[in-house]
Amino acid sequence: MMRKPQFRLTGICLFLVLITTAQEVKFGKVSKEELMESVYAKDSSAPAVVLYRDVDVSYSYAQSVGFQVITRVHERTKLFNKNGFKFATVTERLYKSKSDRESLSGLKAFTYTLENGEVVKTKLKSSEMFSKSLSKYHNEEKFTMPNVKEGSVVEYEYKIVSPFAYSIDEIVLQYDIPIQQQHINISIPEYFAFKPSMKGYLGINPKYGSKSGKINFQTKRKDQDDYTGKSYYSSSSVDYTIKTTNFTMRDVPALQKEPHVNNMNNYRSSINYELQYVKYPNSPMESFTTTWEKVVKTIYNSDSFGKQLTYSRFFKNQLNAVLAGASSDVEKMVAVFSHVQRHMNWNGYFGKYAEKGVKDAYEERTGNVADINLILVSMLREAGLTANPVLISTRDNGVPLFPTREGFNYVIASAQIADKTILLDACNKYTEPNLLPTSALNWSGRIIKENGSSSIVSVVPGKRSVTTEMMSVNLDVNGDISGKIRKSLTYYNAYLFRNTYNDVSEEDYLERLENTGAGMEISNYKVDNSKVLGKPIVESFDFYSENQLDIIGDKIYFSPLLFNTTKENPFKLEERNYPIDFTYPRQKKYILNITIPEGYTVTSKPEDLRLALENNMGSFIFRILNPDTNTLQIMADFKINQAVIPVQAYGSIKELYKKIVEKETEKVVLSKI
């Protein structure tokens, strides 16, 4: 998250008196009753529960450092079982700039256990806290509570001091485990006007108020008529108003996780603060009110963004060679894109601003996302194409629903050819035109044009990614199966295969594949097009697997799709509050030709089935034929035609998966003749 630099008040020196709110639960007063609890009554499945949480955010001022944001945290958590032990590890991500950084201090932490009827305290040692640099902009502070056992209570408190007074971090109100009681207090001096925005599905009732405070400041001077060299001090004060917001919440439910969500944090209840303006006494108001136009202008005018697009001399000689033989706009686009993709190497860092600068990055052949894709935009323009950068928020960064300078953390390129906008990202070696990394598939992006205007462009794929698996299977009377498989992967399925397995040895890959196929043995493996972009990945191999059939008396039972059977419905909640995000439209198609053992005949098989969701959102077709006495032909075709399914269709999706599981787990029955 990029933030404004520290602000120091000019004209007067201030010292803000910190006013704290008394905590309802005293640190260290853990009871035997808390340690004896074995389950949380309001959610018996919870592996842990936060018994008490207090977060206090306030401002302080010191002449030597300026305004600071002070965040004090006190949490007490009950761990019921081993699945809850992960909640005994605490991680804080702290922002840093070239000149300053956030810091964590005042850590006090204990683990409480009940031993022989007595409460035993184990203190966290300073040596058990670890610091790590995550990136150019972030450090990490992390600690794991000691002596954790089933039934333990862990408790800690600390404060975070931030010199970046223009920014208040998001305040999370909901965890992955329940919170029995929490108090959130935010106190902001009248000089800072923030706009709060709430997200999530919890009912929140903030209480707003104000309190008075006094700012004392002291000035030092020397009397010019006094030749002793003595300094004189004078004191005065300024009255001010502190705006307060308080939340008291009880029995906060855990955020229920479901599959196919782009980022659960998009739906986690929390408060965000966006700075609107700053107004000091006897000073003009400094406005930070944000519109998309201002966001775009601010980003584009940065030396690390728009200015980078003006540089082209460093690649002109190479560009002539790149474009040799390319005549149409499409050919030019593909040639430039392929060159940047091959020439550049991504250093693993996101960012909408160039880190090294396009010239140095090109010469060194490495850079962050912005370095690489701004080079791409600049080269496309130099090649005579209409090209612009596109700002994106990655899936793990959330969705910027409102204008915000901090909402975008990624930039790609766009090329306008005829009436089509083609999206390009050269950071990954296996992307293609209009095939972005899955991390960037987050609703929409914002194209920034040379005239400073911007427009929204969808980054949601519309084309289906298809997996087709054809199997020729022989059944054995002892329950074993053998045969041949040919599998084809297109579009994103092929992209994910290349990214996951191209750098893995064939031996390691086949071991994984054998494990996913119920312990099958694989031989004669072959893969085509693993490094040929634009073509489907094609795998073929022979397989053998033991004990895949159930033999009872003179009958053989098996699921028609064998080890590809869908056995469980991934959607379990009765109701769901967020859309179903499949990332991209997809299709799985299985075609099996099964040879029945000699001396057996089909006496029972599942009926054919055809299902379709409303508005062509998806479908499932199952068909099974018995064309002759020793052959079964089975086809299953499952399609999801939209990357994102609205929450209103959750019941339909859940029912569709239920029917698929029922159908695929039905048994084919063979009887001995």
Side-chain angles (χ1 to χ4, degrees), residues 1 40 42-43 45-57 71 73-75 77 86-87 90-93 167-186 188 194-208 244-276 290 393-404 406-409 442-444 571-583 644-651 653-654:
M1 179 186 293
Y40 180 50
K42 295 183 181 296
D43 183 356
S45 65
V49 59
V50 177
L51 299 174
Y52 180 79
R53 177 175 183 244
D54 184 275
V55 178
D56 184 276
V57 179
T71 303
V73 177
H74 172 202
E75 289 194 8
T77 302
K86 62 184 177 182
F87 299 104
V90 180
T91 303
E92 286 284 1
R93 193 174 72 157
S167 177
I168 296 177
D169 285 342
E170 179 183 56
I171 300 172
V172 172
L173 301 177
Q174 186 179 28
Y175 285 173
D176 293 341
I177 55 176
I179 301 173
Q180 188 169 290
Q181 180 185 178
Q182 70 175 341
H183 301 279
I184 312 294
N185 308 294
I186 304 103
I188 303 173
F194 284 92
K195 179 183 178 182
S197 59
M198 312 285 185
K199 70 175 182 180
Y201 296 93
L202 290 181
I204 300 173
N205 297 302
K207 293 183 179 179
Y208 301 103
T244 63
T245 306
N246 300 298
F247 299 85
T248 296
M249 304 175 69
R250 297 181 183 274
D251 302 325
V252 179
L255 183 66
Q256 294 290 337
K257 290 188 175 182
E258 277 273 279
H260 301 297
V261 178
N262 64 346
N263 181 355
M264 284 301 300
N265 288 326
N266 287 336
Y267 310 101
R268 188 184 304 276
S269 290
S270 64
I271 320 167
N272 283 283
Y273 283 88
E274 182 82 12
L275 185 63
Q276 301 295 291
T290 306
S393 174
T394 56
R395 295 170 73 86
D396 62 358
N397 193 57
V399 178
L401 298 175
F402 307 102
T404 170
E406 301 172 347
F408 298 109
N409 68 328
N442 195 25
W443 291 22
S444 63
F571 300 106
K572 304 184 187 305
L573 295 180
E574 288 300 316
E575 296 181 355
R576 177 165 165 149
N577 293 318
Y578 24 87
I580 303 101
D581 191 319
F582 288 100
T583 309
V644 180
I645 305 292
V647 67
Q648 294 83 357
Y650 174 66
I653 283 284
K654 183 179 178 181

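Below, all heavy atoms of this structure are taken into account, side chains as well, without hydrogens, waters or symmetry copies. Along the sequence shown, residues carry numbers from 1.
Side-chain contact check for V252 versus L173: every heavy-atom pair is 4.5 Å or farther apart. The shortest distance between side-chain heavy atoms of V261 and D581 does not fall below 4.5 Å. When side chains are defined from C-beta on, V50 does not count as touching Y40, because their heavy atoms never get closer than 4.5 Å. Between N262 and V399 the shortest side-chain heavy-atom distance falls below 4.5 Å. Residues N263 and N442 form no side-chain contact, since every pair of their non-hydrogen atoms from C-beta on lies 4.5 Å or further apart. A heavy-atom distance below 4.5 Å is not found between the side chains of F247 and I171. You'll find the side chain of Y175 stays beyond 4.5 Å of the side chain of Q182, heavy atoms only. W443 has its side chain out of reach of S393: every pair of non-hydrogen atoms, C-beta onward, lies at least 4.5 Å apart.
Here D169 contributes atom CG and E92 contributes atom CD; the two are 8.5 Å apart, rounded to the nearest 0.5 Å. One finds the CD atom of Q648 at 12.0 Å from the CZ atom of R576 (value rounded to the nearest 0.5 Å). The line from CD of E75 to CZ of R53 is 5.5 Å long, rounded to the nearest 0.5 Å. Separating the CG atom in D396 from the CG atom in N409 is a distance of 7.0 Å, to the nearest 0.5 Å. Atoms CD and NZ, on E575 and K654 in that order, are 9.5 Å from each other to the nearest 0.5 Å. Between the CD atom in Q256 and the CE atom in M264 there is a gap of 8.5 Å [rounded to 0.5 Å].
Within the 3.5 Å criterion, the main-chain N or O of I186 finds no donor-acceptor partner in the side chain of T245. With hydrogens and angles ignored, the 3.5 Å screen pairs a side-chain donor or acceptor of Q174 with a backbone N or O of P253.
For F582, the ring-ring contact (aromatic ring centres under 6.0 Å, His included) partners two or more places apart in sequence, or in a different chain, are H260. Taking the side chain to side chain contact (heavy atoms under 4.5 Å, CB included) definition, one finds that P579 meets it with Y267, V644, sequence neighbours left out.
Just one residue in the list V49, I177, I179 forms a side-chain contact (heavy atoms from CB on, under 4.5 Å) with T77, and that residue is I177.
Of all heavy-atom pairs between G407 and N397, the closest is O-ND2, 3.1 Å.
Below 30°, between 30° and 60°, or above 60°: for F571 and Y650 the angle between ring planes is above 60°, a perpendicular geometry.
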Could you list the donor-acceptor pairs under 3.5 angstrom formed by side chains in residues 194-208, with sequence neighbours left out?
residue	atom	partner	partner atom	Å
K199	NZ	E170	OE2	3.2
K199	NZ	N265	O	2.7
Y201	OH	N577	O	2.4

**Message:** Would R395 and N266 count as a side-chain contact (heavy atoms from CB on, under 4.5 Å) here? Give the steps.
**Reply:** CA-CA 9 Å; R395 295 170 73 86; N266 287 336; over 6 Å; no
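No more than 12 heavy atoms of other residues, nucleotides or ligands sit less than 6.0 Å from atom NZ of K42.
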